[in-house]
Structures are given as C-alpha cells and as structure tokens.
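Predicted model, so just to flag it, every value in this text is computed and none were measured. Counting convention: from 1, in listed order, for ligands and their atoms alike.
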Amino acid sequence: MTFNIKKICCIGAGYVGGPTMAVIADRCPNLIINVVDLNLERINAWNNSDLSKLPVYEPGLDEVIKRCRNRNLYFSNEIEKHISSADMIFISVNTPTKRKGVGAGQASDIKWVEKSARQVAKYANGTTIVVEKSTLPVKTAETIKAILETSNQNQTINGENKEFSVLSNPEFLAEGTAIKDLENPDRVLIGGDSQEAIKALESIYLNWINSEKIIKTNLWSSELSKLTANAFLAQRISSINSISAICEETGANIKEVAGAIGMDTRIGNKFLSAGPGFGGSCFKKDILNLVYLCNHFNLPEVAKYWQNVVEINEWQNHRISKVIVNKLFGTISEKKIAILGFSFKANTNDTRESPAIGICRDLIEEGSSLAIYDPRVEEKQIKLCLESMEEISNLNNLGNWHLSRSVIDAVTGADAIVITTDWTEFKSLKWEEISKKMRAPSWLFDTRNLVDIEEVKKHGINFWGVGCGS
Ligand code: UDX
Ligand code: UDX
C-alpha cells in the first residue's frame with residue numbers, strides 16, 4: 001500500500017483533538033484538516049469569530065487558530081462527509097472509565113472509539129490510515145482492525161476495495177502547555193505494523209520535528225507506553241504527596257526534600273511538587289485502566305501496586321479537607337471559606353477530576369459557605385461539578401457555594417482561604433489588603449505551596465502549607 005496524504009479528518013474536537021489538529025494544520029499548510037464532532041455547540045464554539053470564546057483555553061491556541069482556521073483547518077459536524085474524503089483519520093474521542101457492566105469503575109469505556117471505527121468502516125473510501133489518538137486499553141487496535149475489516153463493508157458503492165491501516169499515535173501533551181508540547185514534543189510515538197503507513201504519518205511530523213524524536217514501535221508497545229507514562233507521572237505525585245504528610249509530622253519541609261532529591265539526575269527535578277492530589281482527565285482513568293488490564297491478565301500484585309497510586313491520591317485530597325476543619329477549631333459550619341482556583345491545574349479551564357472538587361465537596365458537607373474564584377472556569381462548569389452536592393445540601397441543610405468574580409470578592413468576610421490551583425496570579429496576592437478583608441483569626445491553606453509564607457504571616461494570617469505544616 002502506498003499513501004499520499006492530502007486530507008485529514010479528526011473525529012473529536014476536544015482538549016486533545018482541537019489543539020493537536022490546529023498545530024498540524026499550522027505546520028503543514030499543504031494538508032487540509034477537518035475536525036469533526038457530534039457536539040454542534042462545541043463545533044460552533046471552535047468557529048466563533050471571538051477567539052476568547054474557543055471551547056478550550058490553552059495559552060497560544062488562539063494565535064494558531066487565527067492563522068489556520070478556514071485556511072486549511074475546518075471545524076464541522078458533517079462527520080460522514082469528511083470521513084469519506086479523508087486519506088488519514090485520527091480518532092480522538094473521549095474514553096472515560098466505565099460506570100456500568102464488566103470492568104465498571106476501572107476499564108475504559110471504548111464505545112465511542114468503536115462507534116467512530118464503525119463510521120470510518122462505512123464511509124471511508126480507497127486506502128485510509130486510521131490513527132488512534134485517544135488513550136486506549138492495550139489491544140484496542142485489534143478491535144478497530146476487526147471492525148474495519150468487516151467483510152460486508154469493505155467495498156465502496158462503486159465496487160472499489162477499501163483498505164485500512166491502523167496506527168497508534170498517543171498524545172503526550174499536557175493541558176495548559178499543549179501548544180508548546182505539540183510544537184516541541186519530547187518525542188512522538190508511532191506504533192503500527194505497516195511501515196508505509198508509519199512513514200506517511202512520520203512525514204507529517206517531520207515538517208517540524210527532528211527524526212531522532214520520532215519513535216517507531218509495534219502497536220501494543222505504543223498503546224502500553226502511553227498508559228505507562230501517565231502511570232509513572234502520577235506515581236511521582238503520589239510518592240511526593242505521601243512524603244508531604246511525613247514532613248508535616250516531623251518538621252521537614254517538602255520543598256527542601258523535593259529540591260534535595262531532585263538534584264539527583266537519576267530522579268530529576270520535575271513532577272515533584274506536592275499538592276492536593278493529581279487531577280485531569282487522564283491520570284486516574286489510565287491507571288485504573290492499567291489496573292483492569294493487570295487483573296485481566298491475572299497479575300493481581302501488579303494491579304494492587306498501581307491501584308495504590310490512585311488510593312494515595314484520594315487520601316491526600318481528603319486529608320487536606322480534614323486539616324482545614326481541624327485548624328478551624330473542628331467546625332466550619334457557617335464559616336465562609338474562599339476557594340482560589342477550580343481548574344485541575346493552572347492555564348486551563350478544564351475541571352475534570354480537579355482536586356478542588358473533592359475539597360469543595362468535603363467542606364460543603366461540613367456546612368461551610370464557599371466563595372469560589374477561578375480566572376477561567378465558568379460558573380456553569382462549577383455547577384456541573386458540584387451539582388449533586390447542591391441537591392444534598394438543599395435536603396440536609398449543609399453548606400453552599402457561590403461564584404466570586406475576583407479574589408477580593410471571595411476573601412471578603414472569609415475565615416479562611418484555600419489555594420487549590422497553581423494559577424500564577426495567586427503567587428503575588430496582596431496580603432496586607434486581604435488580611436484587612438478577612439475575619440480574624442484568619443487562615444490561609446496553601447495546597448500548592450505558592451505563596452511567600454513570611455509575607456502572609458506578617459499580616460496576621462495563620463498559615464498552613466502542604467508538606468510544610470504551620
Ligand atoms: C482525550 C483523549 O482522546 C482521551 O483518550 C484521553 O484519555 C483524554 O484526552 P479529550 O480530547 O480530552 O480526550 O476529550 P474531550 O475534550 O471530551 O473531547 C472528545 C470529543 O469527542 C468531544 O467533543 C465529543 O463530543 C467528541 N465525540 C465523542 C464525537 O465527536 N463522537 C463520538 O462518538 C464521541
Ligand atoms: C497528563 C500528562 O502530563 C500528559 O503527558 C498526558 O498526555 C495527559 O496527562 P495533564 O493531565 O494535562 O497531562 O497535566 P499534568 O501537568 O500532567 O498534571 C496532572 C495533575 O498533576 C494536575 O492536577 C497537576 O496539578 C498535578 N501535578 C503535576 C502535581 O500535583 N504535582 C506536580 O509536580 C505535577
């Protein structure tokens with residue numbers, strides 16, 4: 001099979017599909033890229049002439065979109081049409097953890113991947129490369145291949161044979177730095193059987209990425225590498241978070257410990273920031289997926305090892321809520337607490353699995369009134385995350401929450417502030433002004449170790465920091 005790639009279709013215009021295709025379009029002006037999604041509201045938002053209204057907030061994304069949208073990058077809900085004209089199709093739909101049935105709570109639900117593969121089988125023409133962009137359980141490519149090879153579908157209406165080649169090309173971008181990561185990745189991984197198909201995809205990346213950074217493996221290594229990379233990254237966070245608890249008990253300081261171990265080049269200094277637990281759409285889902293695979297292949301010890309990474313993460317999150325309640329004399333009922341940050345990390349509007357959610361829920365359950373401020377997350381998104389909580393609090397007279405439009409608004413009259421997201425603006429808050437707005441004795445709980453502790457204490461605010469204590 002030889003491939004001449006001119007048109008690309010990407011199914012799924014989410015946090016991964018949108019920015020990834022935007023950068024490919026930007027770097028490859030000769031390719032036509034159609035990003036399709038069944039969610040029309042999302043497509044309309046991608047097509048919004050006001051670039052501040054794009055559905056995904058990523059630094060630098062608006063500039064890239066401005067350069068290529070309607071030049072060689074198009075967003076549309078005409079899924080079938082764009083599948084049929086594409087030479088290469090990326091599947092970038094979401095793969096959440098299954099809620100029901102076999103593997104519920106662990107296995108990834110690949111129903112949308114399967115559905116996309118069926119659409120591709122039906123509407124594609126000629127020879128087509130199908131690229132798994134979504135993070136998937138190992139061996140999913142087999143399912144996709146089986147669907148694509150369904151005998152009653154492998155001819156076009158004109159009697160022409162359809163031919164498919166499946167590749168795995170996991171995306172390693174992190175939200176908040178997606179454009180930088182896509183423009184200058186540590187590596188690009190392509191897994192597959194067909195050398196021609198691998199070459200075709202490689203030739204796209206070669207437009208801006210050095211060949212030494214492009215790794216080629218078999219399909220299963222590629223799929224497993226993505227799960228493993230996320231599991232290792234998450235494991236580092238659970239490791240440092242577990243040590244943060246020992247620091248608080250002993251008087252050691254987690255920043256000093258992280259600094260000391262990070263200088264060992266074998267350990268490295270990245271991903272060693274203690275915090276309220278990792279969030280985001282990938283880490284928990286991918287580890288649970290790995291756990292499910294291990295159990296499936298009768299490796300219970302390995303499953304247990306990785307399961308612990310998730311358990312420590314949840315423990316850390318709730319541990320912080322307990323510290324807050326304890327420091328506020330064991331009760332926060334009817335106390336006002338300002339929550340600074342709701343996204344799962346800085347520079348994104350994504351709230352999936354955000355550690356702020358667990359902390360807010362715990363505090364509402366304890367009866368507190370929360371004033372939530374985030375520079376990018378919209379009220380309706382917070383509402384979705386805390387929805388069931390609202391129902392319970394109405395029934396049981398628990399605490400409540402409301403949105404604040406500024407830090408000052410949130411902290412006015414508050415007994416405590418909790419910094420939950422590492423937004424840069426929280427590093428340089430005006431503590432003198434804030435201290436005057438709060439109700440004494442006031443507290444700051446810094447779950448991200450962002451602030452200058454001495455500056456906070458100087459203005460009479462009690463301080464607690466993760467892994468530093470108070
Ligand atoms: C990505 C990856 O693809 C996923 O595997 C990874 O683990 C997390 O990141 P992401 O882009 O973050 O997913 O997901 P999301 O922002 O939810 O976007 C997925 C899009 O696919 C949605 O806009 C959804 O409407 C669309 N979709 C889903 C389709 O167009 N068709 C479908 O059948 C299902
Ligand atoms: C992650 C992977 O980094 C990326 O390669 C993969 O493609 C998708 O999953 P993402 O979830 O977008 O990316 O963000 P990441 O920067 O990894 O942060 C995940 C969570 O860990 C965030 O909640 C972040 O605040 C937290 N974190 C990160 C820490 O608590 N401490 C750290 O040192 C680093």
Could you tell me whether some N/O pair between Ser116 and ligand 1 is separated by less than 3.5 angstrom?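 Min N/O separation from ligand 1 is not below 3.5 Å for Ser116.
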Before signing off on this row, confirm whether Thr95 and ligand 1 have an N or O atom pair separated by under 3.5 Å.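 There is such a contact, yes.
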Evaluating non-hydrogen atoms only, which member of [options] is closest to [atom]?
{"atom": "atom 13 (O) of ligand 2", "options": "Ala174, Pro276, Ala258, Ala274", "answer": "Ala174"}
{"atom": "atom 15 (P) of ligand 2", "options": "Glu171, Lys345, Glu353", "answer": "Lys345"}
{"atom": "atom 12 (O) of ligand 2", "options": "Arg236, Glu175, Lys226", "answer": "Glu175"}
{"atom": "atom 20 (C) of ligand 2", "options": "Ala229, Gly279, Gly275", "answer": "Gly279"}
{"atom": "atom 3 (O) of ligand 1", "options": "Val93, Leu136, Asn94", "answer": "Val93"}
{"atom": "atom 17 (O) of ligand 2", "options": "Phe278, Tyr15, Phe271, Phe172", "answer": "Phe271"}

Report the part of Arg352 (side chain from C-beta onward, or backbone N, CA, C, O) that has a heavy atom under 4.0 Å from ligand 1; answer both or neither where that applies.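 Answer for Arg352: side chain.
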Ligand 1 versus Lys285, non-hydrogen atoms closer than 4.0 Å: side chain, backbone, both, neither?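 For Lys285, only side-chain atoms sit under 4.0 Å from ligand 1.
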Tell me which part of Arg448 gets within contact of ligand 2: side chain, backbone, both or neither, using heavy atoms under 4.0 Å.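 For Arg448, the contact with ligand 2 is made by the side chain alone.
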Do [X] and [Y] sit within salt-bridge range, that is, some charged N less than 4.0 Å from a carboxylate O?
{"X": "Arg67", "Y": "Asp26", "result": "yes"}
{"X": "Glu248", "Y": "Arg319", "result": "yes"}
{"X": "Lys304", "Y": "Glu311", "result": "no"}

Could you label the plane-to-plane angle of the Trp208 and Tyr205 rings as parallel, tilted or perpendicular, counting under 30° as parallel and over 60° as perpendicular?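 Ring orientation, 0 to 90° scale: tilted.
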Show the numbers, then the answer: is there a side-chain hydrogen bond (donor to acceptor under 3.5 Å, both in side chains) between Ser238 and Asn241? CA-CA 5 Å; Ser238 279; Asn241 284 344; 5.7 Å; no
Distance to the ring centre below 6.0 angstrom and angle to the axis at most 45 degrees; does that hold for Arg376 and Tyr57?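 Yes, a cation-pi geometry holds between Arg376 and Tyr57.
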Over-ring placement of Arg187 relative to Phe172, 6.0 Å and 45° cut-offs: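 Judged by the rule (NZ or CZ under 6.0 Å from the ring centre, within 45° of its axis), Arg187 counts as positioned above Phe172.
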Under 3.5 Å, N or O to N or O, is Cys282 touching ligand 2 that way?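 By distance alone, the answer is no.
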Is Phe344 in polar range of ligand 2, meaning some N or O pair under 3.5 Å apart?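 Among all N and O atoms of Phe344, at least one is under 3.5 Å from an N or O of ligand 2.
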Against heavy atoms of Arg42, which atoms of ligand 1 measure under 4.0 Å?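 Going through ligand 1 atom by atom, the ones under 4.0 Å from Arg42 are 15 (P), 16 (O), 17 (O), 18 (O), 20 (C), 22 (C), 23 (O).
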Considering only heavy atoms of Asn39, which atoms of ligand 1 have at least one such atom less than 4.0 Å away?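 Ligand 1 atoms under the 4.0 Å threshold to Asn39: 25 (O).
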Closest heavy-atom contact between Arg448 and Lys345?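 Residues Arg448 and Lys345, closest heavy atoms: NH2-CA, 4.4 Å.
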Closest contact, heavy atoms only, Pro137 versus Ser108: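 So the two residues come closest at CG-CB, 4.1 Å.
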Lys270 near ligand 2 by a heavy-atom separation under 4.0 Å: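 No, Lys270 has no heavy atom closer than 4.0 Å to ligand 2.
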